[in-house]
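Small disclaimer: the values here were computed from a predicted structure and weren't measured. Reckoned from all heavy atoms, side chains included, excluding hydrogens, waters and symmetry mates.
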Amino acid sequence: MEKSDWNSIEKYKFESKVAPYLQEEVASVQHRSRLALHSLSCGMRPERSWSQPNRAIDITFQDPVDYARSCIIPNQMFELCNPLNTSIYNCKFNRQGCMLLVTTQDRIHLLGCSNGMLVPKKTFAGSSIHWTITDADISSDNQMIAHSSLNPNIDLFNVRTGECSSTICVSPAEEPLQFNFFKIFSLKFSGDSKTLLCGTGYVSKAQTAMLKTVDLGSGGKIVEDIRAHSNDINYVQFVDRDHNGIFLSGSDDGLIKLWDVRALGLFKKPAGVFSGHFSGVTSLDSREDNRYFISNSKDQTLRLWDLRMRFDEASDDAPVKQLNFDYRKDGINDSTIQRICELADKQKEKGRFVQYFKGHSVYKTLIRCKISPIATTGGRFAYTGSYDSKIFVYDLLTGQTAAVYRQKDSAIIRDCAWHPKKQVVISTNFRGAINAWGTDSSTTCPSVQEKSQETRMDIE
């Protein structure tokens, strides 16, 4: 595919599969992005506790003119002062961008974003943790935080008081509470904050992994109990958070399934199946346009899917042979990755998915992937952490690698978060570091004040 400058972005197509409105939407956001970046540069104040940009950090742009000079994505790292000195597993902004949620093995840290400051606000201690907090989410109304662990319990915390308001057990009523056998790997609040969606590990007695929807208004009643996958469900995601009846699940069986609670039927069948990954799915994210979503996998690829390109569960075309390896201990050699790419090219030709990306490493832990914000980038980019201490930013329009951010620490980046309204990406790693990636468009660089416990950022 020929390169083009920003002004000819409309020439980019995924072989005519991506809707034209997506390109128009991204082009129209250019002006808003530059305004946001100007606000970012004006709002940074040198007296607070950003560090100087780490010039030893290597950042590679696929096309410096297209990406760096247009300032469409962050291109410079600033270190934040107070590392947590323990592995950070999850990192996300709330929908308004005024709070940052960070989780370690047994703690949830809530940082407030106000008046240009990123400051510690509250710390919540998990009450029923087995090994680690696997996932956490904050409700859209900012009233509740929920977390899961490798057991059947979901803890709900009141954001205002910091106390655990309730614990919901989602294990089947006929089974005893078995902390070592019933696990929850992922959960999400619905947009109205009334429903909690969660995905479980494989339950031996039921011989399936389950999806549960919990009605918070009725005290934690389980509304839907779906036998969904033949292996652990690693991630769940609403297609559109404002419509809580349609969601996705990604599993270690290599499949992604689309669910519509209005059309489950007697046997609770999915509305569609997305097949193509050669190993377990570790993460999902939706563009929330009812068309596109992305997935990360242990087969070392990130893929872009079209919700209209789905298979029926009973279709002979759906299954794909899975690689037999343990990603926690073993790796995939270069020849196997090359073979995966060759097969993926054939799948793409048959219309299984829109595009795939490679370069990042998915080992040891369930590496997360996300789509960049609509408000500042038009949802143009997918970004993911990596086992090799990098963040990869992929361009969903061109199919190319837009940028690679390299940390100085040799620690796994499991999760990162792009601010919903600003050109700032927060990265976290397994050494407890919290770093910010911004732009070099500011005229002065902030310095560190050792006594300050607050971190200056324009991310309110």
Side-chain angles (χ1 to χ4, degrees), residues 40 54 57-61 67 72-80 83-84 86-95 97 99-104 108-111 113 118 133-138 186 234-235 237 282-287 294-296 302 357 359-373 376-377 379-396 401-439 455 457 459:
L40 174 66
N54 192 327
I57 301 301
D58 184 12
I59 302 176
T60 302
F61 288 92
Y67 296 109
I72 189 64
I73 58 177
N75 57 13
Q76 181 171 281
M77 192 189 90
F78 296 89
E79 293 180 308
L80 301 186
L84 300 180
T86 184
S87 296
I88 298 177
Y89 284 78
N90 303 287
C91 170
K92 64 178 63 179
F93 284 102
N94 66 336
R95 296 185 78 177
M99 287 187 280
L100 179 69
L101 185 70
V102 173
T103 72
T104 60
I108 300 172
H109 301 269
L110 188 63
L111 293 86
C113 312
L118 179 63
I133 294 173
T134 54
D135 202 2
D137 199 14
I138 184 167
S186 180
N234 292 325
Y235 210 82
Q237 181 69 43
T282 65
S283 180
L284 300 166
D285 195 24
S286 172
R287 195 169 180 271
I294 61 171
S295 63
N296 223 1
L302 182 151
F357 305 86
H360 62 292
S361 301
V362 183
Y363 296 122
K364 305 296 183 183
T365 186
L366 301 174
I367 303 290
R368 301 292 174 83
C369 67
K370 295 172 182 175
I371 294 177
S372 63
T376 55
T377 69
R380 175 175 173 172
F381 303 101
Y383 62 104
T384 176
S386 183
Y387 170 74
D388 55 4
S389 311
K390 301 173 186 176
I391 300 172
F392 286 76
V393 183
Y394 298 116
D395 191 328
L396 298 179
T401 301
V404 180
Y405 305 154
R406 294 174 174 86
Q407 285 190 155
K408 67 176 183 179
D409 294 334
S410 57
I412 298 172
I413 300 178
R414 186 180 192 264
D415 203 358
C416 41
W418 199 313
H419 191 276
K421 299 177 183 178
K422 301 290 184 180
Q423 292 293 10
V424 175
V425 174
I426 300 295
S427 67
T428 58
N429 66 24
F430 270 21
R431 289 189 177 178
I434 304 176
N435 297 320
W437 302 83
T439 68
T455 303
M457 314 175 63
I459 57 173

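- The shortest non-hydrogen separation linking Lys422 to Thr376 is N-CG2, 4.0 Å.
- Around atom OH of Tyr387, no more than 12 heavy atoms belonging to other residues, nucleotides or ligands sit under 6.0 Å away.
- Asn296 and Ser283 share no side-chain donor-acceptor pair at under 3.5 Å.
- Residues Ile371 and Asp285 come closest through the heavy atom pair N-OD2, 2.7 Å.
- Salt bridge Lys370/Asp415: present, at least one basic N to carboxylate O contact under 4.0 Å.
- With sequence neighbours excluded, the residues forming a side-chain hydrogen bond (donor to acceptor under 3.5 Å, both in side chains) with Asn234 are Asp252, listed by chain and number.
- Of all heavy-atom pairs between Arg368 and Thr384, the closest is O-OG1, 3.1 Å.
- Annotation: side chain of Tyr89 is not in contact with side chain of Leu366 (no heavy-atom distance under 4.5 Å).
- Asn94 places a side-chain N or O within 3.5 Å of a backbone atom of Met99 that can act as its donor or acceptor partner.
- Shortest non-hydrogen contact noted between Ser361 and Ser386 is N-OG, 2.9 Å.
- With rounding to the nearest 0.5 angstrom, the CD1 atom of Ile413 is 11.0 Å from the CD1 atom of Ile88.
- Contact check for Ser389 versus Asp409: no side-chain heavy atoms found under the 4.5 Å cut-off.
- Of the possible polar contacts, one joining the Thr377 side chain to the Gly379 backbone as a donor-acceptor pair under 3.5 Å is found.
- Between Phe381 and Trp418, the ring planes are parallel. Angles under 30° get that label, and only those over 60° would be called perpendicular.
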